[in-house]
Protein chains: 2
Amino acid sequence: MKNNNVTIHDISKALGIDSSTVSRALNNSDRVSKKTKEKIVNKAAELGYQRNSLASKLRTNRTNTIGVIVPRISKHFFSSVIAGIEETAFQAGFDVIICQSLESIDREKKLVETLYSNRVDGILISISMETSNFDHLTNYKNKGFPLIFFDRPCNVSENTNVIIDDVKAGFDATAHLIERGCKNIVHFSGPQNLELYRNRKKGYTKALNTYGIAFSEHLVIESQLMQQDGILAAKQLLKLPKVDGVFSANDTAAISAIQYLKTKGVHIPKDIAFVGFSNEPISAIIEPSLSTINQPDFEMGKVASTLLFEQIKNKTDASENQTKILMPSLIIRNSSKF
Amino acid sequence: MKNNNVTIHDISKALGIDSSTVSRALNNSDRVSKKTKEKIVNKAAELGYQRNSLASKLRTNRTNTIGVIVPRISKHFFSSVIAGIEETAFQAGFDVIICQSLESIDREKKLVETLYSNRVDGILISISMETSNFDHLTNYKNKGFPLIFFDRPCNVSENTNVIIDDVKAGFDATAHLIERGCKNIVHFSGPQNLELYRNRKKGYTKALNTYGIAFSEHLVIESQLMQQDGILAAKQLLKLPKVDGVFSANDTAAISAIQYLKTKGVHIPKDIAFVGFSNEPISAIIEPSLSTINQPDFEMGKVASTLLFEQIKNKTDASENQTKILMPSLIIRNSSKF
DNA sequence: TTCAAAAATACAATCGATTGTATTTTTATT
DNA sequence: AATAAAAATACAATCGATTGTATTTTTGAA
């Protein structure tokens, strides 16, 4: 494509009107008369003019764009959060650039750099599973760059985090299994550098304590909670004595474990009851349907982006960091019914 | 955030070296001596310099960025295509901006404009279900802007399309049902402005013809193929006499229809056999597992982006339009077994 | 040591839009 | 008709990086 892009200077020349006036006209400034505006707008349409945002952004030092980094867009939870973000952004007149780290710290670093060098006005991020050092993020944050963590918080320094109450969720899930009669409850846990998984585990142990059940580290199976991990966990679980309940820190692992156990003749929930985490759409459909924790995903997107836009506006103020905690809810389905 | 961004001019001043040399040094040009390069690179690191891509892109008129517009990132098919695109793009040194139209033509138009005004080097798009007029796309295409359609092609003018052989897929799916013994096969079809759905339907009718079964328009139920539509279609289907097979143009509608029918005591596949389309991950897990058409999604992303990069490179040549057709494959699962 | 060639660096224009200031034109008041 | 105020428009600098050309410095061969 030859560079036949039309600029305001082309319009300027075509009409014999200064480019500054053209610019003002196209931005509907009231410093330009109605008549001239009309002429300019018409000529712009005629020539097929399209603003060069790069130039505009460079000059104004404002991009009206935010970046969002999630581990994986195909995860229902994240795409719902993104939906919430996009809705808020649309109302605020902001564009959104969606990126996925694929759980890789290297990709994450590169994405942050790219977004920053494109001068997005702020970033919303849910860190990768590999991220345990936060320098590539706090460096920007400390410069005063608007940066907000959601779902997977960062507490190594002062930050704004939007999370759900994972301890409560873990407690509720486990308590439900106990009240249902489970005595030997296994916990599928995730990478411990993520506070979120630490908290779900905390909730699990807290519930055991509350109900006077001894906690045993043997009953905690840690993995990345991918599909394959669920199968491995199920195999491991079968070697443990009289397990009758599982609280999995995500649905994916729970589902693959259930599938595997079914092939081994284990009856869910009679032999082993299951509670997952995330309320993936599939969880309502499989058999047995999976009890799980519902997270206010869409709301999380709205809350996080609203906070971000506040930070972007209050450029001058040292924005106060705050942690917003949203409430999860337990959905009881067949995988844990009597 | 005050604008304390470090520029090459800051480095220039700090070292008493002209900014052009600084720029060249940071781009590792061999017009700068090794010694000076080192000084500059060190100072850049010290000051926390980060290139302003906006300025760079404006000057060079090259963004090394492509845009991708899909209807919905949460759809497994699209996120897999995106994965393929990102892999190719990464190798080519390009950034990818992911956008979702949410099946809305208005959003789609706005996204194309935004991407263009940000001067992406090209766009890959799978159009929305609402899109039946293509002016907002062909306008750019005709200017010589690299634009490629995937999965949902555009044949109103000369374009590059990357698609799968939907006719064959529809044929295979239907033929399989017939060979299995089905005589009254319903087809869940999608919006007819999308060629893809027209083609799947074509394949369906072609198979009926081939096997000497009369085609009846009554047996085609058209909708947006969303979850809710599947239930409505199932209800409608129950009113038809002796339906014994369904070929659904996507998995989503098939799955919700199956769920509904099961509650009505219909046995799948004994009473009604099902074949879906897309091979969503859920399809392997539900009960009965859903026979479906597997699309080479990741490959489609690679092929489409490879073609796009070729077009971007051959700026001058009038790039030849071409249609690439990828081959789908039928996966037979329990929903259509004997 | 001298000087041409090569290497390194500096100068200055440029990408396209925006914006503060200056100038011209119009309007309205006397 | 004169003139001050207001409205409309023009001028010119700027955002930050890049790049063709010019200038200075270094190198090495005679």
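Within every chain, numbering begins at 1; the chains are lettered A, B, ... in the order of the sequence lines, protein sequences first and strands thereafter.
Of all non-hydrogen atoms in B:I8 and B:S19, the two that sit nearest each other are CD1-O, 3.8 Å. For A:G48 against A:V6, the heavy-atom pair with the smallest separation is O-CG2, 4.3 Å. Pairing each heavy atom of B:D121 with each of B:N64, the nearest pair is OD2-N, 2.7 Å.
One finds no salt bridge joining B:K313 and B:E310 here, because no Lys/Arg side-chain nitrogen approaches an Asp/Glu carboxylate oxygen to under 4.0 Å. Residues A:E46 and A:K43 are paired through a salt bridge, judged by an N-O separation under 4.0 Å between the basic side chain and the carboxylate.
Taking a 6.0 Å sphere around NZ of A:K324, one finds it holds 12 or fewer heavy atoms contributed by other residues, nucleotides or ligands.
Counting atom types as modelled, A:R31 pairs a side-chain N or O with a base atom of C:dT21 as donor and acceptor under 3.5 Å. Judged by distance alone with a 3.5 Å cut-off, a donor-acceptor contact links the side chain of B:R24 to the base of D:dG20.
Taking the nucleotide of DNA chain C with the nearest heavy atom to each of B:G16 and A:S19, the more 5' of the two is matched to B:G16.
Following rounding to the nearest Å, B:N28 (CG) and D:dT18 (C1') show an atom-to-atom distance of 16 Å. One atom, CG of B:L58, and another, C1' of C:dC15, lie 4 Å apart when rounded to the nearest Å. Going from atom CG of B:N5 over to atom C1' of D:dC15 covers 11 Å, rounded to whole Å. The CD1-C1' distance, from A:I17 to C:dT24, rounds to 15 Å in whole Å. In this structure, A:Y116 places its OH atom 13 Å from C1' of D:dG16, rounding to the nearest Å. Going from atom CG of A:N61 over to atom P of D:dC15 covers 10 Å, rounded to whole Å. Taking atom CG of A:D10 as the reference point, atom P of C:dC15 lies 11 Å away to the nearest angstrom. When rounded to the nearest whole Å, the span between CZ of A:R59 and P of D:dA12 equals 16 Å.
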May I have the list of side-chain donor-acceptor pairs in residues 82-97 of chain A shorter than 3.5 Å, sequence neighbours left out?
from: A:E86; atom 1: OE1; to: B:Q100; atom 2: NE2; distance (Å): 3.2
from: A:E86; atom 1: OE1; to: B:R107; atom 2: NH2; distance (Å): 3.2
from: A:E87; atom 1: OE2; to: A:K302; atom 2: NZ; distance (Å): 2.9
from: A:T88; atom 1: OG1; to: A:G84; atom 2: O; distance (Å): 3.1
from: A:T88; atom 1: OG1; to: A:S305; atom 2: OG; distance (Å): 3.1

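Listed candidates were C:dA22, C:dT18, D:dT19. Nearest to the side chain of B:S20 is D:dT19. Taking every side-chain heavy atom of A:S56 into account, C:dA17 is the closest of C:dA17, D:dA17, C:dG16. Of the candidate nucleotides D:dT9, C:dA10, C:dA17, C:dA10 has the atom lying nearest to any side-chain atom of B:D18.
Counting only distance, with no hydrogens or angles, the side chain of A:S12 and the backbone of A:I17 share a donor-acceptor pair below 3.5 Å.
Ring-plane geometry between B:Y116 and B:F145 is classed as perpendicular, the angle between the planes exceeding 60 degrees on a 0 to 90 degree scale with a lower cut at 30.
The phosphate of D:dT18 has OP1 or OP2 within less than 4.0 Å of a side-chain N or O from B:N27. For D:dT18, the OP1/OP2 oxygens have no side-chain nitrogen or oxygen of B:T60 closer than 4.0 Å.
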Identify each atom pair where a protein N or O and an N or O of nucleotides 25-28 of chain D are less than 3.5 Å apart, giving names and distance.
none

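Residue B:D30 is classed as a sugar-phosphate contact, given heavy-atom separations below 4.0 Å to backbone atoms only. Across all strands shown, A:L26 has no heavy atoms under 4.0 Å from either base or sugar-phosphate atoms.
Of the residues in residues 33-54 of chain A, those placing a heavy atom less than 4.0 Å from an atom of DNA chain C are A:Y49, A:R51, A:N52, in numerical order.
Put simply, the side chain of A:P146 reaches to within 4.5 Å of the side chain of A:L308, judged on heavy atoms.
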